[in-house]
Amino acid sequence: MKYQAPRGTYDILPEDIRKWHYIEDIIRRLTTLYNYSEVRTPIFEQLDLFQRSVGEDTDIVEKEMYTFKDKKGRDLALRPEGTASIARMVAERNLQSSTREPLRIWYEGQMFRYSRPQKGRYRQFYQFGVECIGSPKPIIDAEIIAIGWQILQEAKVPDVSLEINSVGCPECRDKYNILLKEFLYKDKDKYCTDCQRRMEQNPLRIFDCKNKTCQHLIEKAPRMLDNLCEECAQHFEEVKNSLEMMKVPFIVNPEIVRGLDYYTKTAFEYKINYLGAQDALGGGGRYDGLIGYLGGRQTPAVGLSMGLERIILSLEKSGFSFSEEDNLEVLIIPIGINPIQASIEMMQKLHEAGISAIVADEGSSVGSNLKYCDKNNVSFAILIGDNELKSGLYVVKNIKKKSQSEVKKEEVIDFIKTHEVVVK
RNA sequence: GUGGAUGUAGUUCAAUGGCAGAGCACCGGAUUGUGGUUCCGGUUGUUGUGGGUUCGAGUCCCAUCAUCCACCCCA
């Protein structure tokens, strides 16, 4: 085989696309109900944008970005996530927003990360995201979390758990980091090599370490949640209250750390436990500093993103049956070459009437064409041969009823419309 | 980036170092213009790719590509 899709990429085939339409329809419907508008941003951006917003020390920036120079020598990168572009767009266009009237937007599209592929982890993958920009209020955090939750419920993804945490603001987080590092450095040499590395780069990750020794050591470590400043603690309480009002079930997990640096205060993840190593469907959080950091007006914001592949994989795993795509309604079967023109004209009239139809290959037998109709749930077959050309009466077969009528060619459309059986 | 498993027809899978096969799917036919079942027949192919060992390689060795699994990380 000469060509293959590049490593970590794949084609969505006709028989798979309905799965995507299914989840995309739900995303559109739910975001519309909450008055969010879709936006589309470029698939690549200045490299610098991601380095600054996602964070220099993150895995994404350190080793997972598709970077390239264009012909003018500009440093660019395929987007590894969506929020950076949204923040850039808001800052660049100076999009007006306020607490009274936050900007509610959502997006969907391909993201790119150079990581080792596995099931549910690809180098090109689809994410959708929902972002509310302009309000610092906790009820907006809850709104975002609830939208993601409802989308997963609507889609019938089984056994999702929602875990929330607060990672604090720059003030209390910096204080906490000093506290935590002091604690960690006390027994620095006792931690595994991974954790010694994490101490420098992302100390919070040590809480996730599976090594027993590290787990034991970290048990007594100070927790972010216990060291929030008054404002952040208050904010977190109100997010929890709002979620309760919205009847969105959650658990507080003080170990939720997101892999991006821009988060402040609220952080959350939607998790499942049946896709192997891939246990996160998505997550998000508040990023009050990002837009200002990128040169825009200081604007608080909160958002979420989720992976479409993982949602679809969860549904497949649970045996969910996706609805069928629309079937062909009419197959026109010309018998011999004389009726070809009449067949094409018939097809065009059907199309004008909004009825899907194609003309069968004139060289194949009537029998095999009817078999095709049976197998593919085609509703009607129209037979046109020399006799029909002469009489102007076409043979219209109702495949499901196994019945056959001779219909004046001018009346075929009406006949089909009145005899159409809606099968769902 | 680390460690491991796998790769044969459209698909699911066989084949001791000795002529590449079966089910499903697909196509054709069962008196030439009529149906899902049945019966008969047919094609399934650069054995992922490139080297090597051998009289002979799907099988053994090396490299490479891809998929999967566990790390890492995350969607």
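Naming: A, B, ... by sequence-line order, numbering from 1 per chain.
- Residue A:Q127 is classed as a sugar-phosphate contact, given heavy-atom separations below 4.0 Å to backbone atoms only.
- Put simply, the side chain of A:Q118 and the base of B:U67 share no donor and acceptor less than 3.5 Å apart.
- Among the protein residues, A:G283 comes within range of no part of the nucleic acid, since none of its heavy atoms lies under 4.0 Å from any strand.
- Nucleic acid contact class of A:Y122 (heavy atoms, under 4.0 Å, all strands): base.
- Between A:I26 and A:I151, the shortest heavy-atom distance links the atoms CG2-O, 3.9 Å.
- Both A:L383 and A:Y372 sit near RNA chain B, but only A:Y372 has its closest nucleotide nearer the 5' end.
- A:I333 comes within contact range of no nucleotide atom at all, as no heavy-atom separation falls under 4.0 Å.
- A side-chain donor from one of A:T83 and A:E131 sits under 3.5 Å from a side-chain acceptor of the other.
- Within the shown strands, nothing qualifies as a pairing partner of B:U47 under the Watson-Crick or G-U definition with both distances less than 3.5 Å.
- For A:F268 and A:Y270, the ring centers sit closer than 6.0 Å to each other.
- Checking each of A:Y126, A:Y122, A:F125 against A:Y10 for a ring-ring contact (aromatic ring centres under 6.0 Å, His included) leaves exactly one that passes, namely A:Y122.
- For the pair A:Q278 CD and B:U67 P, the computed distance is 14 Å after rounding to whole Å.
- Of the nucleotides present, B:A66 is the one that pairs with B:U6 by Watson-Crick or G-U wobble criteria, both distances under 3.5 Å.
- At a cut-off of 3.5 angstrom, the base of B:U2 holds at least one donor-acceptor pair with the side chain of A:R116.
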